[in-house]
Structure formats: C-alpha cells, structure tokens
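Counting from 1, the numbers follow the sequence of the chain as shown. Here the structure is a predicted model, which means the values were calculated and not measured.
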Amino acid sequence: MSREFYKDDRYFEDYIICQNKRIEKFTDTLNKLGEGDSTKTAQCQRYLANFNRDLMSAKYSIGASRQEVQKLYMKYLEAVKNSSVADYAEMVDILSLAILLDVSIENIECVLKNTAFDADALVSVLKNIIQKKDLATESDDLLFSEIYGVFYQYIRGNVDKGKFLKYMEEEWYDSCKNFSWYDSHKSAENVYVGYWSWLAGAVLKMNTIIVTDRRYIPCDLL
C-alpha cells in the first residue's frame with residue numbers, strides 16, 4: 001500500500017525502473033574500473049550511494065516492507081563505506097535509519113568511527129543510542145540548531161510528544177527550504193522520492209512512541 005501524498009503509483013513505478021537502470025550502469029562502470037583509479041572508484045561509489053538512498057526512499061513511499069527497506073539500506077551503506085559520508089544531513093539520516101531498522105553495530109561501525117561531526121550533540125546522542133551508551137554528551141551544541149534543535153530537545157525531554165508531532169506536521173517541511181529535495185514533487189524532472197524524516201522516526205522509536213498516518217514520519221518503521 002502506497003504511503004505517498006503527492007505522487008501516484010505509476011510515477012514511482014517508472015522512477016524505480018529508471019533508478020535501477022542507473023544503479024546497474026554505475027555498478028558495471030565500477031566493476032570495469034577495478035582498483036586502478038581510487039578517485040574515480042570513490043566517485044562512482046558516491047553516485048551509487050545517492051542512487052540507492054533515493055531508491056530506498058522511493059520504495060518506502062510506494063509501500064515497501066521493512067525487510068525490503070533494510071536490504072536497500074545495507075546496499076546504500078555499503079556504497080557509503082567505500083566513498084564517504086557526504087555531509088551532516090547524511091550522517092544524521094544514516095544514524096537515524098540504523099536506529100529505525102535495528103542495524104547491528106558491526107554493520108555501521110565505519111560510520112560510528114567517523115568523527116567529522118562528533119562535536120555536534122545530536123550526532124553524539126544518535127551514536128550513543130546505537131551503541132547502547134549513556135545519552136550524556138559533552139555539550140548541547142548543535143551545528144544546525146534551527147533545523148535540528150526540536151529533535152534534540154525532544155530526545156532530552158524538553159519538548160513533549162504533542163508539541164513535537166505538531167511541529168512535524170506544521171513546521172518541519174518549511175524548515176527544510178534550503179535542502180535540494182525541497183518542493184521536488186513540483187519538479188518537471190523525475191527527482192521526487194518522498195519527504196521522510198528518518199530522524200523523526202528514530203527519536204519516536206527510542207521513546208517507544210507509535211503513531212500512524214503521519215505525512216513526514218516513517219510510521220511503519222517504528
């Protein structure tokens with residue numbers, strides 16, 4: 001059953017066919033490169049990471065099962081391992097998905113060892129959750145508090161469930177205007193894959209909160 005609000009099944013079916021062709025093409029390119037050019041290999045893996053990430057989102061939008069999302073996440077994570085974490089937002093999403101999908105520490109160890117954003121309180125807390133450590137952090141500093149502050153404060157218990165869910169419904173999407181995917185459902189190109197806050201799902205799951213039929217929250221992974 002589709003979880004989508006903006007596009008119909010036909011759109012996603014066409015998108016998934018095209019995305020699988022892209023993945024096949026770049027996988028073939030990667031195999032041909034071998035180990036001869038580490039720079040091009042890393043670039044190719046980065047493309048594959050992006051393609052697999054978007055395919056995972058699109059398939060979740062159209063109704064993929066938890067098991068299928070887990071499988072796609074592992075393909076995405078493998079490509080990230082062989083390239084790099086692109087930016088802060090990707091780091092947060094990777095960690096959030098690991099929490100949602102109950103990914104083992106061993107499978108996400110390379111990301112846990114990445115210290116690029118360890119000065120950020122949210123990243124530190126998400127890593128601690130995965131590693132089943134105390135949630136204490138050295139500071140409450142956030143690199144992007146205007147976007148991620150509500151999530152961190154909800155984890156800390158300073159924002160209650162009602163206020164958090166209201167924020168997700170009424171304010172979260174508009175807070176993301178600077179992301180490349182914002183308003184992608186209006187694009188003439190087939191680039192829309194769904195608007196899912198994996199982080200919202202992760203922080204609700206860690207508090208054992210179950211919600212249904214929310215526009216931006218991946219409820220079926222809680």
Side-chain angles (χ1 to χ4, degrees), residues 12-118 120 122-123 126-127 129-131 143 176 179-182 184 187 189-202 218 220-221:
F12 279 102
E13 288 164 0
D14 290 344
Y15 175 88
I16 289 166
I17 290 171
C18 290
Q19 195 72 337
N20 277 322
K21 288 180 179 177
R22 292 188 188 104
I23 291 170
E24 184 178 350
K25 175 184 176 181
F26 275 81
T27 300
D28 184 57
T29 299
L30 184 65
N31 291 333
K32 289 177 180 176
L33 284 171
E35 299 179 0
D37 191 326
S38 58
T39 300
K40 288 184 178 179
T41 297
Q43 289 174 342
C44 193
Q45 290 283 9
R46 184 63 256 176
Y47 279 117
L48 284 170
N50 292 343
F51 293 154
N52 279 293
R53 177 196 62 207
D54 291 346
L55 179 63
M56 175 187 65
S57 295
K59 285 206 170 186
Y60 180 79
S61 293
I62 205 172
S65 67
R66 179 186 182 84
Q67 290 73 24
E68 187 172 3
V69 174
Q70 284 175 323
K71 184 177 179 181
L72 291 166
Y73 173 76
M74 295 309 298
K75 288 184 177 180
Y76 163 46
L77 187 60
E78 188 63 30
V80 170
K81 287 178 184 178
N82 293 318
S83 55
S84 63
V85 176
D87 52 30
Y88 177 88
E90 181 169 57
M91 173 66 83
V92 169
D93 281 348
I94 289 172
L95 296 172
S96 299
L97 280 157
I99 293 168
L100 277 170
L101 300 170
D102 300 309
V103 175
S104 68
I105 292 174
E106 293 75 18
N107 283 328
I108 198 173
E109 189 172 10
C110 70
V111 178
L112 295 174
K113 288 181 177 179
N114 184 318
T115 60
F117 306 106
D118 280 2
D120 179 79
L122 178 60
V123 168
L126 294 175
K127 286 186 175 184
I129 292 168
I130 294 169
Q131 297 174 97
L143 293 174
C176 298
F179 286 98
S180 62
W181 51 259
Y182 183 81
S184 57
S187 174
E189 304 295 328
N190 291 345
V191 295
Y192 175 70
V193 296
Y195 299 132
W196 301 110
S197 173
W198 309 117
L199 176 58
D220 291 334
L221 298 181

Would you give the length of the straight line joining atom [atom1] of [X] to atom [atom2] of [Y], rounded to the nearest 0.5 angstrom?
{"X": "Ile130", "Y": "Ile94", "atom1": "CD1", "atom2": "CD1", "value": "10.0 Å"}
{"X": "Asn52", "Y": "Ile23", "atom1": "CG", "atom2": "CD1", "value": "4.0 Å"}
{"X": "Thr27", "Y": "Leu48", "atom1": "OG1", "atom2": "CG", "value": "4.5 Å"}
{"X": "Ile108", "Y": "Met74", "atom1": "CD1", "atom2": "CE", "value": "8.5 Å"}
{"X": "Ser61", "Y": "Trp196", "atom1": "OG", "atom2": "CH2", "value": "5.5 Å"}
{"X": "Leu97", "Y": "Leu72", "atom1": "CG", "atom2": "CG", "value": "11.0 Å"}

Q.
If we count only N and O atoms by modelled type, under 3.5 Å, do the side chains of Asn107 and Ser104 hold a donor and an acceptor together?
A.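 Present: a donor and an acceptor within the cut-off.
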**Q.** Side chains of Gln43 and Arg46, donor plus acceptor under 3.5 Å
**A.**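 There is no such pair (donor and acceptor under 3.5 Å, judged by atom type) between the side chains of Gln43 and Arg46.
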Taking [Y]'s backbone N and O only, do any of them form a donor-acceptor pair with [X]'s side chain (distance below 3.5 Å, no angle check)?
{"X": "Tyr60", "Y": "Asp220", "result": "yes"}
{"X": "Gln131", "Y": "Lys127", "result": "yes"}
{"X": "Glu90", "Y": "Ala86", "result": "yes"}
{"X": "Ser57", "Y": "Gly194", "result": "no"}
{"X": "Ser187", "Y": "Ser184", "result": "no"}
{"X": "Asp120", "Y": "Leu143", "result": "yes"}
{"X": "Asn114", "Y": "Cys110", "result": "no"}
{"X": "Ser65", "Y": "Glu68", "result": "yes"}
{"X": "Gln45", "Y": "Ser83", "result": "no"}

Q: If a pair satisfies salt bridge (charged side-chain N to carboxylate O under 4.0 Å, His left out) and one of its residues is in residues 94-107, list it, with sequence neighbours excluded.
A: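 Qualifying pairs: Arg66-Asp102, Asp102-Lys205.
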Grab the two heavy atoms, one from [X] and one from [Y], that are nearest each other, plus how far apart they are.
{"X": "Ser96", "Y": "Ala202", "answer": "O-CB, 3.7 Å"}
{"X": "Ile99", "Y": "Ile129", "answer": "CD1-CG2, 3.9 Å"}
{"X": "Leu101", "Y": "Gln70", "answer": "O-NE2, 3.0 Å"}

Q: Please report the C-alpha distance between Arg22 and Gln19 in whole Å, then the side-chain angles of each, then the deciding distance to 0.1 Å, and finally whether the side-chain contact (heavy atoms from CB on, under 4.5 Å) criterion is met.
A: CA-CA 5 Å; Arg22 292 188 188 104; Gln19 195 72 337; 2.4 Å; yes
**Q.** Set of side-chain contact (heavy atoms from CB on, under 4.5 Å) partners for Glu24, sequence neighbours left out
**A.**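 Result, side-chain contact (heavy atoms from CB on, under 4.5 Å) vs Glu24: none returned.
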Q) If you draw a 6.0 Å radius around NZ in Lys75, do more than 12 non-hydrogen atoms from other residues or ligands fall strictly inside? A)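 No, the 6.0 Å shell around NZ holds no more than 12 heavy atoms from other groups.
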Where does the angle between the aromatic ring planes of [X] and [Y] fall among parallel (under 30°), tilted (30 to 60°) and perpendicular (over 60°)?
{"X": "Tyr88", "Y": "Phe117", "value": "perpendicular"}
{"X": "Phe51", "Y": "Phe26", "value": "perpendicular"}
{"X": "Phe12", "Y": "Tyr192", "value": "tilted"}

Q) Does a side-chain heavy-atom distance below 4.5 Å link Asn82 with Thr41? A)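 Side chain of Asn82 against side chain of Thr41, heavy atoms only: no contact under 4.5 Å found.
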Q) Looking at side-chain heavy atoms only, is the closest gap between Leu112 and Leu95 below 4.5 Å? A)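 Yes. Closest side-chain heavy atoms under 4.5 Å.
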(Q) Would you say the rings of Trp198 and Tyr73 are close, in the sense that their centroids are separated by under 6.0 Å? (A)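 No, they do not, as the ring centres are separated by 6.0 Å or more.
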(Q) Apply side-chain contact (heavy atoms from CB on, under 4.5 Å) to residues Val69 and Leu100 and explain how you reach the verdict. (A) CA-CA 10 Å; Val69 174; Leu100 277 170; over 6 Å; no
